2 protein chains.
Amino acid sequence: MNKKVSIKDIAQAVGVSTALVSYVLNNKEKEARVGKEIAQVIRDTAADLGYQPNQLAKSLKTGKSHTFGLIVADISNPFFANLARNVEDEAQKFNYTVLFASADESPKKSQNLINMLTERQVDGFIIAPAENSQNQIEALLKNNIPLVLIDRYFKGLETNYVVTNNYESAYNAVSHLIKVGHKHIGMIAYKTDLVHMLERKRGYIEALKDHKLLKAKTPLIKTVDFDFTQDDVEAAIKALKVQNPKMEAVFFATNTLTLKGLKALNNMNWKVPDDIAIVCFDESEAFDFFYSPLTYIEQPLLEMGRKAVQVLIKNISDKKSTHTQLSIPSKLIVRQSCGSDKAEVR
Amino acid sequence: MNKKVSIKDIAQAVGVSTALVSYVLNNKEKEARVGKEIAQVIRDTAADLGYQPNQLAKSLKTGKSHTFGLIVADISNPFFANLARNVEDEAQKFNYTVLFASADESPKKSQNLINMLTERQVDGFIIAPAENSQNQIEALLKNNIPLVLIDRYFKGLETNYVVTNNYESAYNAVSHLIKVGHKHIGMIAYKTDLVHMLERKRGYIEALKDHKLLKAKTPLIKTVDFDFTQDDVEAAIKALKVQNPKMEAVFFATNTLTLKGLKALNNMNWKVPDDIAIVCFDESEAFDFFYSPLTYIEQPLLEMGRKAVQVLIKNISDKKSTHTQLSIPSKLIVRQSCGSDKAEVR
DNA sequence: CTGAAAGCGCTTACAG
DNA sequence: CTGAAAGCGCTTACAG
């Protein structure tokens with residue numbers, strides 16, 4: 001056997017029209033009031049022939065592909081890989097297939113992927129938008145294509161989104177450092193205007209302000225380019241130390257920044273938490289193995305993945321639905337890198 | 001604008017047949033000898049209207065979806081996530097889109113995913129096959145569907161595959177332990193009949209044999225179930241130690257086993273490499289941060305991903321092509337967990 | 001150089 | 001209860 005079997009083959013084998021076969025195989029026998037026996041014969045024949053419906057033809061006819069696109073920055077980043085897995089599982093519950101793609105924070109790649117997926121007739125998108133891709137999102141919106149942003153969003157753009165409560169998470173993490181006794185706290189972020197990063201910075205600044213610890217005119221923040229190296233992070237740390245020689249703690253804004261940062265600290269031979277206390281946004285398997293297990297912000301990956309799918313599917317089935325904007329709380333996991341075992345999880 | 005623009009809309013706007021539009025937009029003007037001016041008008045109009053071809057319709061007509069399925073055990077496992085990324089990038093070079101899916105080592109899930117992807121008319125598959133899924137692979141083969149196995153394969157099954165040279169890699173790693181002076185070496189694997197694991201075990205055994213270190217009738221190997229916990233691994237390590245109280249080194253067969261294993265060792269308070277030397281198959285970001293940086297086998301992820309795509313695409317374009325079976329060398333990255341800094345990378 | 005027409009594999013009013 | 005027919009958006013021989 002080589003040629004694929006179609007509805008027509010079944011119709012011929014049974015001796016009925018393709019319409020009947022279609023009705024039966026889609027369980028619309030009652031609506032179409034198909035005979036009970038003939039329905040069974042059709043079913044049996046389909047099974048015998050090993051019939052597998054052609055979803056492409058189905059989609060072309062119905063205008064629904066039961067498919068959506070998930071565009072992330074990089075599927076090999078554990079944050080996105082885990083998110084993707086949760087999205088995959090949730091989508092499956094609704095009988096949706098997800099097409100993954102990595103845009104590498106590049107608006108050009110992002111646009112290419114959106115085009116590619118649109119041409120494949122995805123019913124909607126879940127996107128962790130790259131910087132400077134706001135116009136792409138707006139274009140999708142204008143074309144009335146269902147979508148939900150994830151991890152990041154654009155201020156003032158009316159869309160669905162599902163994100164971690166970045167501001168509060170950062171605020172809490174920095175407040176924890178303060179509570180534990182640190183007064184001179186720096187922050188390392190990467191260069192971007194994306195809201196999630198701005199919110200993390202804002203959380204950092206406000207926490208300091210509220211504790212009367214923001215004295216200098218310029219906050220103790222350094223940013224590195226998106227494709228930073230360990231050396232870049234090391235340079236940033238050193239620059240902070242120059243800016244404020246009393247710096248005793250650093251808040252890292254992402255898991256990748258932290259990973260490079262820890263290597264840089266090892267390289268510089270600064271001990272955690274004695275020479276420098278650490279707290280970081282997002283997690284990594286590696287944090288468990290650092291000699292001073294890290295205190296970190298655990299993002300709600302499972303809930304984010306699930307909600308994103310649910311919101312998208314709601315939007316697909318009801319294109320006029322109002323926007324859903326979710327900012328989900330994280331959890332601060334307190335361990336040893338801030339220099340205190342006594343503080344408890346809040 | 002809401003309704004999608006089709007080739008028909010362009011044809012009407014320009015005042016030609018849809019055939020012409022199709023030829024021009026597919027750059028087949030010379031074959032069809034379309035007029036130069038009219039071709040330009042068609043192109044301009046297409047651009048003006050924001051035309052995006054419907055790939056589904058195209059695929060339905062041509063019988064090629066320019067799509068393939070990638071089925072792995074779990075996309076959130078860094079090994080597969082990295083592999084997936086390399087596959088994605090390589091596929092894109094050939095203008096292919098990849099549909100990812102996770103089968104969780106379950107033959108039932110695997111079959112569901114294969115069906116789903118087949119119905120979506122993928123042109124081929126790249127599969128890290130689950131245990132007991134051999135019949136599924138055979139079915140695909142019988143239906144003449146292009147496919148390449150990755151990471152694992154089935155002995156005696158005539159298919160394309162691209163894997164790490166598991167036997168040699170394991171052999172080298174264990175030989176390294178021996179060279180460094182260890183005589184009583186255990187191995188922790190997970191329970192499966194999949195070839196990659198059998199090969200790793202065989203490499204371990206042969207290395208010991210060749211060095212006259214395999215004395216006991218039963219080799220010093222313990223296996224845990226696929227969904228093992230840290231406690232399972234700890235129990236396995238202890239059992240090995242009971243079996244041979246002189247055990248001084250352990251070879252872990254995967255990255256996940258190693259991660260749980262290291263936590264178990266910490267929990268038991270065994271020091272690496274003094275109480276126990278370690279070498280492991282596959283890598284993890286975490287290994288860099290363990291107090292005794294791990295010696296590990298670095299798998300050729302980039303080459304595996306690339307080759308798999310290339311072999312698949314060759315098979316798609318030439319269904320009669322002979323099978324390509326690649327076993328790619330790994331690299332042993334020597335660091336401190338085996339108890340010697342002197343040994344160099346081989 | 002260009003158009004009419006068939007067909008990919010489905011679904012779904014419509015008619016009987 | 002069942003069939004004939006149109007049509008989703010394309011491609012591609014075929015005829016002129």
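What's counted below: heavy atoms across the whole structure, side chains too, no hydrogens, waters or symmetry copies. Owing to the predicted nature of the structure, the values given are computational and were not obtained by experimental measurement.
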Taking NZ in B:Lys108 as the centre, count heavy atoms belonging to other residues, nucleotides or ligands within less than 6.0 Å. Is the count above 12? no

Of the listed C:dC14, C:dA4, D:dA5, the closest approach to the A:Tyr23 side chain comes from C:dC14

Side-chain N or O of A:Ser22 closer than 4.0 Å to phosphate OP1/OP2 of C:dT11
yes

query: Just by distance, with hydrogens left out, do B:Ser102 and B:Asp104 show a side-chain donor and acceptor under 3.5 Å apart?
result: no

Taken to the nearest whole Å, NZ/A:Lys64 to P/C:dT12 is 12 Å

A:Ile38 atom CD1 is separated from D:dC1 atom P, nearest whole Å, by 12 Å

Answer for the Watson-Crick or wobble partner of C:dC14, both distances under 3.5 Å, is D:dG3

>> Is it the case that over 12 heavy atoms from other parts of the model lie below 6.0 angstrom from the NZ atom of B:Lys314?
In response: yes

Atom CD1 of A:Ile10 and atom P of C:dT11 are separated, to the nearest Å, by 11 Å

- Message: Could you check whether A:Gln121 and A:Ser59, counting side-chain N and O atoms only, form a donor-acceptor pair closer than 3.5 Å?
- Response: no

A:Leu20 atom CG is separated from C:dT12 atom C1', nearest whole Å, by 13 Å

Under 3.5 Å, which N/O atoms of the protein pair with N/O atoms of nucleotides 7-9 of chain C?
from: C:dG7; atom 1: N2; to: B:Lys61; atom 2: NZ; distance (Å): 3.4
from: C:dG7; atom 1: N3; to: B:Lys61; atom 2: NZ; distance (Å): 3.3
from: C:dG9; atom 1: N2; to: A:Ala57; atom 2: O; distance (Å): 3.3

Distance col, row A:Met116:CE vs B:Thr97:OG1, nearest 0.5 angstrom, shows 4.0 Å

(Q) Parallel, tilted or perpendicular, judged at 30° and 60°: which one describes the rings of B:His66 and B:Tyr96? (A) parallel

Taken to the nearest whole Å, CG/A:Asn26 to P/C:dT12 is 7 Å

Atom CZ of B:Arg120 and atom C1' of C:dC10 are separated, to the nearest Å, by 15 Å

